[in-house]
Amino acid sequence: MTHDPNCIFCRIVKGELPAKRIHEDDEFIVFPDIHPAAPVHLLMVPKEHFATLADAQAKHEELLGRMLLLAPRLAREQGATNGYRVVINNGPDGGQEVYHLHVHVLGGARPWKRL
Ligand code: AMP
Ligand code: ZN
């Protein structure tokens, strides 16, 4: 499995940086965003390092599907009982800051601009 020693999410996956793990399995972990943009703001982070959706490969199909399928339950359990957003930022114009693919789950309020 690929890791990048300079990547903040790889360091969280390895336990070198702290995070409150809400979920962990063999393929990904979930923890709260350190700067929440909503009352519920979770990050779903693959254990393998790849930067963006464009870097995902066929072997990641199940991982990506499993993350999306788990999002509703985690959102509900964490208090987003009236809906939530599932967001993957990609590249500079996608507002991506951490280049280790991750899924944002945001809910508990509706502070967004309509898409
Ligand atoms: P993105 O803009 O999609 O790359 O989002 C990166 C997210 O990671 C931001 O919302 C940050 O607040 C969050 N983040 C950065 N460092 C940490 C950390 N150590 N623990 C939890 N969340 C973090
Ligand atoms: Zn990484």
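Just follow the structure's listing: the first ligand is 1, and inside any ligand the first atom is 1.
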Open item on the list: Please report the interatomic distance CD1(Ile8) to CD1(Ile34), rounded to the nearest 0.5 Å.
Closed with: 7.5 Å
- [ ] Any chance you could measure Ile29, atom CD1, to Leu43, atom CG, to the nearest 0.5 Å?
- [x] 9.5 Å
Open item on the list: With rounding to the nearest 0.5 angstrom, report the NE2 to CD distance, His23 to Gln78.
Closed with: 12.0 Å
Task: Nitrogen or oxygen atoms of Phe9 and ligand 1 under 3.5 Å apart - done: no
Task: Under 2.8 Å: N/O/S of His3 next to the Zn ion (ligand 2) - done: no
Open item on the list: Tell me the contacting part of Phe31 for ligand 1: side chain, backbone, both, or neither, using a 4.0 Å heavy-atom threshold, strictly below.
Closed with: side chain
Task: Shortest-distance N, O or S atom of His49 relative to the Zn ion (ligand 2) - done: ND1
- [ ] Considering the heavy atoms of His35, write down every atom of ligand 1 situated less than 4.0 Å from one of them.
- [x] 12 (O)
Open item on the list: Heavy atoms only: which of Glu97, Arg11, His104 lies closest to atom 4 (O) of ligand 1?
Closed with: Glu97
Open item on the list: Just to be sure I read this right, does ligand 1 sit under 4.0 Å from the backbone of Leu17, its side chain, both, or neither, counting only heavy atoms?
Closed with: neither
Task: Contacting atoms of ligand 1, where contact means under 4.0 angstrom from a heavy atom of Pro32 - done: 21 (C)
Task: Close aromatic pair by centroid cut-off 6.0 Å: His102 and His100 - done: no
Task: Angular separation of Cys10 SG and His100 ND1 about the Zn ion (ligand 2), given to 10° - done: 110°
Task: Identity and separation of the nearest protein heavy atom to atom 23 (C) of ligand 1 - done: Ile34 CG2, 3.5 Å
TODO: Record the part of Ile8 in heavy-atom contact with ligand 1 below 4.0 Å; permitted values are side chain, backbone, both and neither.
DONE: side chain
TODO: May I ask you to identify, for Ile12, whether its side chain, its backbone, both or neither come under 4.0 Å of ligand 1 on a heavy-atom basis?
DONE: side chain
- [ ] Could you list which atoms of ligand 1 come closer than 4.0 Å to a heavy atom of Val98?
- [x] 4 (O), 6 (C)
Task: Beyond-backbone contact of His104 with Ile88, side-chain heavy atoms, under 4.5 angstrom - done: no
Open item on the list: Under the side-chain contact (heavy atoms from CB on, under 4.5 Å) test against Leu101, which residue among Leu64, Leu63, Asn89 passes?
Closed with: Leu64
- [ ] Indicate yes or no: does an N/O atom of Asn89 lie under 3.5 Å from an N/O atom of ligand 1?
- [x] yes
Open item on the list: Measuring from non-hydrogen atoms of Gly95 to any atom of ligand 1, is the shortest distance under 4.0 Å?
Closed with: yes
Task: Side chain to side chain, Lys47 and Glu24, heavy atoms closer than 4.5 Å - done: yes
Open item on the list: Under a 4.0 angstrom heavy-atom cut-off, which atoms of ligand 1 come close to Gln96?
Closed with: 2 (O), 4 (O)
Open item on the list: Aromatic contact between Phe9 and His49, with the criterion being ring centroids under 6.0 Å apart: yes or no?
Closed with: no
- [ ] Calculate, to the nearest 0.5 Å, the distance between atoms CZ and CZ belonging to Phe31 and Arg21 respectively.
- [x] 8.5 Å
Task: Residue, atom name and distance, where the atom is the protein heavy atom closest to atom 11 (C) of ligand 1 - done: Asp33 OD1, 3.4 Å
Open item on the list: Does ligand 1 come near enough to His102 that some N or O of the ligand is less than 3.5 Å from an N or O of the residue?
Closed with: yes
Task: For Leu43, the ligand 1 atoms whose distance to one of its heavy atoms is below 4.0 Å - done: 8 (O), 13 (C), 22 (N)
Task: Pairwise side-chain contact, Phe28 with Val103, heavy-atom cut-off 4.5 Å (strictly under) - done: no
Open item on the list: Taking the side chain as everything from C-beta on, heavy atoms only, tell me whether Arg66 gets closer than 4.5 Å to Asp25.
Closed with: yes
